[in-house]
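Naming convention: chains lettered A, B, ... in sequence-line order (proteins, then strands); numbering from 1 in each chain.
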Amino acid sequence: MDITHILDPLNEAQRQAVTSDAGNLLVLAGAGSGKTRVLVHRIAWLIATEGISPHSLLAVTFTNKAANEMRLRIEELLERPAGGMWVGTFHGLAHRLLRAHWKEAGLPEKFQILDADDQLRLVKRVHKSLDIDESRWSARQCQWFINEQKDEGLRSGSLESYGDEFTAVMLKVYAAYEQACERGGMVDFGELLLRSHELWLKSPALLGHYQQRFKHILVDEFQDTNAIQYAWLRVLAGGKAEVTAVGDDDQSIYGWRGARIENIQHFSRDFPGAETVRLEQNYRSTGNILKAANTLIANNEGRLGKELWTQDPEGEAISVYSAYNEQDEARFICSQIQGWIKDGNKANEAAILYRSNAQSRELEEALLRVGMPYRIYGGFRFYERQEIRNAMAYLRLVSSRDDDAAMERVINTPTRGIGNKTLESLRLLARQESLSLWRAASKAVTENLLPPRAMLNITAFMTLINELEEFARDKDLDELCDQAIQRSGLVKHYEKEGGEKAKIRKENLDELVSAAKVFTMEALDNDDESSITEVLAAFIDKAALDAGDTQAGAGEDAVQLMTLHSAKGLEFPTVFIAGLEEGLFPHQMSMDTQAGLEEERRLCYVGITRARQKLTLSHAESRRLHGEENLTRPSRFLSELPQNLLEEVRLQGRITRSTFFNDYAKNTYTGSEHGSIASSGDMADNESLNLGQRVRHPKFGEGIVLNYEGKGKNARVQINFDEVGGKWLVMSYARLEAI
DNA sequence: AGTCCCCCCATTTTT
DNA sequence: TGGGGGGACT
């Protein structure tokens, strides 16, 4: 078989990784070093030369996007479908296992997947039924606790509170939540992994079957695996399968949600005979950007070690802008992007990255002001929208009456006179008799347990669902979907609401019908035997496991705004990282432990390595946060960069500020003007000070001018001193010296 | 059932 | 500063 097309496009390190025949393999893939390429080519290599059948391969990633892309590229390279191969996310694969072996796993055949929103609702209900003080322990907190434990592979039964009140309350909720899930046949995200892991442990025959099957396991983004995922992998591999782990310890930024950087750090210990290959040649960024990244990350301890390099030129210096405040910062970035576009580049080649979402508003406003199109990543995705979730809940009920989460959601949405009181008695009945809500409702109606009015309304609702199912029998999924949103009254409900918002909701519902159509056609392509019931069930699972990354306006030519976390895996010709200030980045809540600080540093490393040609960093001397003005210090990360590669950006020229209190922030920024303290000659030493200018004070040392008020002899200036922080000084006494 | 108001809170996010 | 959620009121 001709294998040149597999090896030719690779560099030496990549080739070594692709062709490695050590039992296990760790590929330390630096940013922009061709990680996915290695993964894909290694798979092709195994199939082409080692005679491994796609059937014995399992490749696992974290996001659906990554999984889809991998499958696509494998098929492209192999020039045939890789059907027998298991490619998917951890959750997707675990789900597949549980669907196949639901009985052994102790689940009902039609178990439902709870997504984050369903989960929170359930926790809230559990919370209420246990009469827990909402003001002391929030449902969110409980949800977080439960997920944290599941990520660690721990059930309520295997935990102890040791007299700690918090833990005791959390465990009580956790245990009741587990029971509720059990009763309703519901499985949350963590449970998918936990349950399939347990399934293997308790059925050695089943485990043996999969161990027999999968000769090679390939894992992407290994540094992001959490405890349960790692355990899952180790059990499956069982010392027999060959494991290829690809990842970058320097890009581990999800420790806060259970990812364990130790998993990649200890790979060679836990997977004996592992070969380690480093991919250090970078095909993305300029030399200077890489040097900055390398220097920064060298401050972390316990790294596996890696140094990025490129054959490309040094490129431009890294710009650093010290803004007066967050508005100035936003205007600066905005004007730089305008300049970038004027130079013939496109808006979507520019990205603005920030540590926390709250920072986006100021940037948005600045972009809006100059009419620059922008797009914010993150936020609600398709299947997370309220109207879509409501419509899906009807479909879920059609598919499975026992889906309590769905029933709770839409039994009275839109309102049909089934109030809280009715619902409460149904819940009670359900709990007492260990029934699903639907069955409880059914019982209540047949046995006349409720006021006639309530029973009438419930009957109408149940009839609606039954009729929808009836209707679906000889129809396609999209037709069912359309009927569901019409007959449930959802469409009317949103129409009645009126306004722009409702219009968008209506459009989304239409979009759902189209999505159902596409899904049906794909299902028919793959397997023309599937009945509508099966297609419907598959559609519901897809909606739960894949929130739908199709972001509105994805293809638009707009400036890209996102958090540093969501920038991982992406790249842009020009990148701005805003808000490099102590307390913001590194964030206050993560800077007092070394582990926290190092993760922040890795986050910064991720940000820097997103840039291809040009990197611009900025910080503000003063930032409004939670409604109050705070003086800030530049981030330590700025001082950890090689100073010779940095170029401080100062805006040339100046405008003379009105001697009245003309708030600088309100001045229109043109990019060439600069706020300045009036130099109308009435200052003590007849010397003008500019906002943003560095000055020296005999006692306080050096600092930067932030603001002033008053004029003449009485003028007071605010200076942010490097050593002692912010101070207001009277001009005529301060003996300030401009630097 | 729906609206309004007040209080509280405030990284990062995928499945 | 502002958004979200919960409670109270109409």
Side-chain angles (χ1 to χ4, degrees), chain A residues 60-67 88-96 113-120 124 127-128 134-135 138-141 143-144 147 150-151 187-194 196 221 224-226 228-229 252-259 326-327 353-362 365 377-381 383-384 412-423 493 496-497 541-549 562-569 579 583-591 596 599-600 602-604 606-607 623-630:
Chain A
V60 58
T61 64
F62 279 84
T63 65
N64 291 297
K65 197 176 149 207
T89 63
F90 277 102
H91 293 88
L93 298 178
H95 173 244
R96 188 167 173 177
I113 301 171
L114 287 184
D115 61 22
D117 191 56
D118 292 329
Q119 188 189 33
L120 184 61
K124 273 183 184 161
H127 225 245
K128 257 193 201 116
E134 187 83 30
S135 61
S138 75
R140 238 168 231 296
Q141 212 174 3
Q143 182 191 24
W144 176 262
N147 290 337
K150 288 196 175 188
D151 282 348
V187 172
D188 62 39
F189 290 135
E191 186 74 22
L192 288 169
L193 284 158
L194 194 48
S196 60
E221 304 281 15
D224 287 338
T225 50
N226 63 28
I228 187 68
Q229 288 160 341
S252 163
I253 56 174
Y254 286 111
W256 53 275
R257 64 176 201 213
E326 73 281 354
Q327 299 192 2
L353 312 182
Y354 38 81
R355 177 65 234 269
S356 68
N357 288 307
Q359 288 170 256
S360 74
R361 175 180 300 148
E362 207 64 57
E365 282 175 7
Y377 261 68
F380 276 100
R381 282 161 323 160
Y383 289 104
E384 284 171 351
N412 201 32
T413 308
T415 49
R416 45 174 72 86
I418 304 174
N420 223 307
K421 222 169 144 218
T422 310
L423 206 45
H493 172 72
K496 205 172 69 193
E497 210 171 72
D541 284 342
K542 177 195 146 79
L545 286 172
D546 182 355
D549 51 356
M562 68 195 82
T563 63
L564 286 141
H565 282 91
S566 30
K568 195 172 136 205
L584 183 61
F585 191 27
H587 199 278
Q588 195 67 50
M589 317 222 44
S590 311
M591 54 194 275
E599 184 156 308
E600 295 287 305
R602 291 193 291 268
L603 191 55
C604 189
V606 166
R623 182 176 297 273
R624 200 177 187 90
L625 199 65
H626 309 324
E628 56 184 317
E629 205 76 36
N630 293 99

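- For A/D224 and B/dT15, the CG to C1' distance is 13 Å, given to the nearest whole Å.
- We find that CD of A/Q143 is positioned 13 Å from C1' of B/dT15, with the value rounded to whole Å.
- Here the CG atom belonging to A/L603 is positioned 5.5 Å from the CZ atom belonging to A/R355, to the nearest 0.5 angstrom.
- Summarising the geometry, the separation between CD on A/Q141 and P on B/dC9 is reported as 11 Å, rounded to the nearest angstrom.
- The aromatic ring of A/W256 stacks onto the base of B/dT12, its centre lying under 5.5 Å from the centre of the six-membered base ring with the two planes under 30° apart.
- Taking OG1 of A/T225 as the start and CZ of A/F62 as the end, the distance is 5.5 Å to the nearest 0.5 Å.
- The 5' end of DNA chain B is approached more closely, in terms of each residue's nearest nucleotide, by A/G419 than by the other of A/G419 and A/R257.
- In terms of phosphate contacts, A/N412 brings a side-chain nitrogen or oxygen within less than 4.0 Å of OP1 or OP2 of B/dA1.
- Between A/S566 and B/dT12 there is no side-chain polar atom (N or O) within less than 4.0 angstrom of OP1 or OP2.
- For the pair A/R355 and A/A544, both in contact range of DNA chain B, the more 5′-proximal nearest nucleotide belongs to A/R355.
- OP1 or OP2 of B/dT12 lies within a sub-4.0 Å distance of a side-chain N or O belonging to A/N357.
- Atom CG of A/D188 is separated from atom CG of A/L120 by 12.0 Å, given to the nearest 0.5 angstrom.
- Put simply, CD on A/E191 and CD1 on A/I228 are 9.5 Å apart, with the number rounded to the nearest 0.5 Å.
- Comparing the same atom, P, in B/dT12 and in C/dG5 gives a spacing of 15 Å after rounding to whole Å.
- Protein atom NE2 of A/H587 is 12 Å distant from nucleotide atom P of B/dT13, rounded to whole Å.
- Across all strands shown, A/K542 has no heavy atoms under 4.0 Å from either base or sugar-phosphate atoms.
- When the P atom of B/dT14 is taken as reference, atom CZ of A/F189 falls 11 Å away, rounded to whole Å.
- Each of A/K568, A/E599, A/E221 was evaluated against A/Y254; a single residue qualifies, A/K568, per the side-chain contact (heavy atoms from CB on, under 4.5 Å) test.
- In this structure, CG on A/N226 lies 13.0 Å from NZ on A/K150, to the nearest 0.5 angstrom.
- Taking atom C1' in both C/dG3 and B/dT14, one finds a spacing of 24 Å when rounded to whole Å.
- Taking side-chain N and O atoms only, A/S356 has no distance below 4.0 Å to OP1 or OP2 of B/dA10.
- Outside the 6.0 Å centre-distance limit, the rings of A/H587 and A/W256 are not counted as a close aromatic pair.
- For DNA chain C, the contact window with chain A, defined by any atom under 4.0 Å from a protein heavy atom, covers C/dT1 to C/dG6 in 5' to 3' order.
- The side chain of A/R140 places no N or O atom within less than 4.0 Å of a non-bridging phosphate oxygen (OP1 or OP2) of B/dC9.
- For A/Q229 and B/dT14, the CD to P distance is 14 Å, given to the nearest whole Å.
- At B/dT14, none of the side-chain N or O atoms of A/T89 fall inside 4.0 Å of OP1 or OP2 (strictly under the cut-off).
- Using a 4.0 Å heavy-atom cutoff across all strands shown, A/E326 reaches no nucleic acid atom at all.
- Rounding to whole angstrom units, CG of residue A/N420 and P of B/dG2 are separated by 13 Å.
- To the nearest 0.5 angstrom, A/Q143 atom CD is 9.5 Å from A/S138 atom OG.
- Atoms CG (A/L423) and P (B/dA1) sit 10 Å apart, rounded to a whole Å.
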